[in-house]
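Working notes, beginning with the structure itself.
All chains are named by letter (A, B, ...) in the order of the sequence lines, taking the proteins before the strands, and each is independently numbered beginning at 1.
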Amino acid sequence: MLAKAYSNAVTGVDGYLVEVEIDLSQGLPSFNIVGLPDVAVREAKERVKAAIKNSAFQFPVKRVTVNLAPADIKKKGVVFDLPIAVGILAAVDVVEENKLLDYTLVGELSLDGTIKRITGALSMALATKDEGKKGIIVPYENVQEASVVEGIEVIGVKSLEDVIDFFNQELEAIEPVTESWQLNGEYQIDYQDVKGHEEAKRALEVAAAGNHNLVMIGPPGAGKTMLARRLPTILPPLTKEESIEVTKIFSVIDKLPSEQSLIKTRPFRNPHHSISQAGLVGGGRVPQPGEITLAHRGVLFLDELTEFKRQVLEILRQPLEKQEITLTRSAITLTYPCEFLLVAALNPCPCGYYGTEGRECFCTPYQRKKYLHKISGPILDRIDIHLEIPQLKAEELTTYRQGETSAEIKERILAAREIQTQRFKDTSINYNAEMNTKAVEKYCLLDEKAEEMIKEAINRLHLSARAYDRILKLSRTIADLAATEIITIEHLGEAIQYRSLDRR
Amino acid sequence: MENKLYWVWLSKINGLGSVKIKKLLEKFQNAQGIWEASREELNNSIGIGSVLSQEIIKAKKNFLPAKEKEKLKKAKVKLVTLEDTCYPKLLKEIYAPPPVIYYRGALVKVSRPCLAVVGTRDCTEYGKITAYNLAKKLAEMGFVVVSGLARGIDTKAHQGALQTGMTYAILGSGLDHIYPPENNHLAEKIAQQGAVITSYQLQTQPQREHFPARNRIISGLSLGTIVIEAPQQSGALITANFSLRQGREVFAIPGNIRKRQSQGTNKLIQSGAKLVQNVDDILEELMLENYLLQDVNEEDAEDEIKTKRLNQQQKRVYNLLTDEVQQFEKILSNVTMKAKELNSILAQLEIMGLIKQLPGKRICLINQ
């Protein structure tokens with residue numbers, strides 16, 4: 001008596017198909033699971049036995065062997081409870097097998113036969129679709145999340161009995177829940193909440209338009225975090241594909257809000273500076289995604305950048321360049337995506353008040369230099385915009401004019417991104433920030449006056465060759481925001497202002 | 001070799017002070033002349049013996065102009081020599097002015113009148129408050145407050161002046177050896193809003209005997225010297241003395257007769273220094289009317305030249321800026337431009353060398 005059912009498992013953030021084979025043979029009653037199961041999978045035996053019994057079915061008094069294929073990949077987690085139970089029932093002909101093979105099943109069983117929520121349902125549903133199956137059976141609590149995948153049936157079930165009824169056609173096919181897809185996620189915050197800081201808002205606009213990483217320098221309480229938090233609100237809305245990518249990641253680590261099927265807003269990750277290497281880029285025996293992956297398609301905000309352990313910051317170099325992180329452990333090698341916009345914040349000096357009006361800074365020049373040198377050149381090299389955030393006086397705040405809303409700013413950014421998409425459509429570049437020296441030469445054309453100005457600027461402000469490239473890239477983005485092809489002194493001048501660390 | 005470097009060389013020769021240099025200059029016109037002079041010619045000069053002439057010849061061999069220039073550039077030190085037109089006018093008038101002065105920051109080209117505010121390091125609270133307030137007021141009126149960056153009165157005078165205007169700090173050491181060290185930060189601020197000045201070359205340690213010479217420059221730069229507090233034996237009294245000898249005014253703040261710190265100042269008053277109770281007491285003595293008027297005219301003329309090459313928008317921003325540092329957001333609230341436009345124009349003005357941007361996005365005019 002042989003039966004088969006399909007299930008899914010997840011490595012990294014991607015799902016794959018698992019065949020669950022069940023063989024019943026004569027002999028002393030026993031129950032074995034093979035196919036590199038971990039402890040949680042092996043313990044499925046007890047849950048399956050109890051669940052079948054408590055759902056008023058009979059557990060076969062036979063020698064039961066379960067194989068999870070492909071047999072050479074380690075299986076972990078509890079999602080195989082359901083396919084094993086259903087497979088056993090198919091082997092004893094309680095379930096009709098032909099329909100069973102069109103679906104994949106995932107779910108954790110409790111002893112009374114109810115089915116509990118699992119992690120990674122979205123990735124599994126996607127794998128189901130890729131494998132050409134007709135549908136997926138998921139725990140009822142996961143149905144919202146899985147039903148994002150179009151083109152397959154997503155059946156949410158509450159108990160083992162539901163599943164059996166479904167396959168024996170006693171249960172009316174459950175209407176797949178399809179949430180109407182809205183492009184715009186709603187944010188609770190807006191740039192209009194921030195008074196003053198017009199320069200900073202503009203710089204963030206440039207950062208968002210060209211995907212330029214950014215560092216903010218300012219005294220404590222100046223509003224750095226407030227400004228950074230609002231950055232996702234002006235980034236272009238997630239496309240459906242992007243949204244699925246993000247949701248997959250959060251689904252795998254079980255951080256998906258239960259009432260939400262898809263994450264529609266760009267993530268904003270704000271790890272504390274005590275974070276470890278593994279916490280930041282991901283790690284573990286079977287590596288789990290770290291903060292940079294959770295910030296995928298969103299913003300990674302590193303507050304108090306100088307307080308982060310140096311080694312922790314150094315490992316950011318490669319991910320920043322490649323936009324993915326490959327973690328190799330003895331058991332497994334996984335690649336997680338991490339395409340994020342880096343926003344860092346730091347104080348101008350150890351006491352925090354250098355350059356602040358009305359506050360004396362007691363740091364010596366040497367201390368200040370040492371403080372800023374905590375950030376290594378290679379990291380700083382990947383940050384295009386340096387922005388000074390001054391502390392605004394409370395009594396002056398009321399006099400500032402009303403700022404723009406995030407929506408207004410976003411409109412300009414969308415236009416600028418469109419220009420970039422057109423410009424780079426035949427290249428591997430996506431945004432201005434990704435241009436290499438050659439591309440800078442090709443795409444950043446200056447008019448005569450601007451040409452003169454940059455030469456003068458290099459002399460007078462002692463800019464390095466590195467700064468030169470960055471300034472041109474930024475001017476490109478600024479010109480894109482103004483929808484002009486040739487860079488003029490207006491654009492160039494503004495770009496030069498965003499390189500304040502080059503002048504210290 | 002660049003003309004300035006001859007002067008640097010001259011100021012580096014051992015045993016050759018301002019007075020002897022003055023004598024040599026009378027004979028050989030300028031530093032280059034001295035460089036080109038033969039040993040014999042030097043030997044025959046007044047006040048130069050064979051030992052010194054040998055010293056001068058030796059110094060020629062040891063002087064590496066390129067290295068010297070690099071060193072100055074690296075330390076961001078600028079210099080003016082007696083030959084330069086921007087050498088402070090008043091200082092040039094004294095007997096044997098220092099041939100070279102090194103400085104960080106900016107010397108006011110169109111000379112604003114300088115006033116020295118000096119006093120003891122070991123001062124009372126009364127002295128501190130007086131120095132601070134007086135310097136603040138003087139700076140606000142357009143005077144450059146000159147002092148010696150020492151602890152006590154000097155520090156307060158600089159701090160007061162920084163609040164409203166410009167100040168010069170005169171050192172008794174090289175510009176890379178700020179003394180006392182806790183005034184490092186103050187010196188930096190002064191360099192942004194005035195100048196830190198010395199007649200000593202880089203790497204000179206502060207030494208006892210340097211300070212009287214420094215005091216000579218403090219008084220020499222100034223129309224008058226105001227002594228805030230000084231005990232009987234005080235460097236401030238030396239400054240006052242120089243001031244008298246250079247034909248400048250001496251002012252003193254009266255103090256408590258039972259305090260040690262007032263004995264020197266009270267004595268000054270006794271022997272004829274002007275007693276100062278408020279700023280008017282000082283102005284009365286200086287007869288500044290002509291001086292200030294002329295100054296304004298010159299400044300206007302300069303301004304016009306500067307702003308000629310500016311376009312409309314640049315001019316609008318330029319006119320909003322002053323010598324005083326202003327925060328970006330504050331400037332922005334005074335114009336109808338957007339942040340991006342203002343930012344761009346500021347960069348343009350900075351590249352033209354008209355303005356300076358300080359940490360914390362604060363902006364002021366460069367006054368030179």
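- Between B:Ile351 and A:Arg460, the shortest heavy-atom contact is O-NE, 2.7 Å.
- The distance from atom CD of B:Gln314 to atom CD1 of A:Ile489, rounded to the nearest 0.5 Å, is 6.0 Å.
- For the residue pair B:Ala347 and A:Gly493, the shortest heavy atom distance occurs at CB-O, 3.1 Å.
- Screening B:Lys361, B:Glu350, B:Lys340 for a side-chain hydrogen bond (donor to acceptor under 3.5 Å, both in side chains) with A:Gln497, the sole residue that qualifies is B:Lys361.
- Other residues, nucleotides and ligands contribute over 12 non-hydrogen atoms within 6.0 Å of the CZ atom of A:Arg412.
- The 12-atom threshold is exceeded at NZ of A:Lys374, counting heavy atoms of other residues, nucleotides or ligands nearer than 6.0 Å.
- Contacts between B:Ile345 and chain A at a heavy-atom distance below 4.5 Å are absent for every atom of the residue.
- Nearest heavy-atom pair, A:Pro390 versus B:Gly360, reported as atom, atom and distance to 0.1 Å: CB-O, 4.0 Å.
- In this structure, OG1 on A:Thr356 lies 7.5 Å from CZ on B:Arg362, to the nearest 0.5 angstrom.
- Remark: side-chain polar atoms of B:Glu329 are paired, donor with acceptor, to backbone N or O of A:Glu198 under 3.5 angstrom.
- Here CD of A:Glu494 is found 10.5 Å from CG of B:Leu342. Values are rounded to the nearest 0.5 Å.
- Dense packing is recorded around NZ of B:Lys4, with more than 12 heavy atoms of other residues, nucleotides or ligands lying under 6.0 Å away.
- Between the CD atom of A:Glu199 and the CG atom of B:Asn343 there is a distance of 4.5 Å, given to the nearest 0.5 Å.
- For B:Lys356, the NZ atom is densely surrounded, since the number of other residues' heavy atoms within 6.0 Å is greater than 12.
- A salt bridge links B:Glu188 and A:Arg368; the closest N-O separation between the charged side-chain nitrogens and carboxylate oxygens is under 4.0 Å.
- Other residues, nucleotides and ligands place more than 12 heavy atoms under 6.0 Å from the NZ atom of A:Lys201.
- For CD of B:Gln207, the number of neighbouring non-hydrogen atoms (other residues, nucleotides, ligands) closer than 6.0 Å is greater than 12.
- Across B:Gly353, B:Ala339, B:Ser344, the residue that shares the most heavy-atom pairs under 4.5 angstrom with chain A is B:Ser344.
- Summarising the geometry, atom OH belonging to A:Tyr354 is positioned 8.0 Å from atom CG belonging to B:Leu358; distances are rounded to the nearest 0.5 Å.
- How far CD1 of B:Ile178 is from OG1 of A:Thr364: 13.0 Å, rounded to the nearest 0.5 Å.
- Both the backbone and the side chain of B:Gln348 come within contact range of chain A, judged by heavy atoms closer than 4.5 Å.
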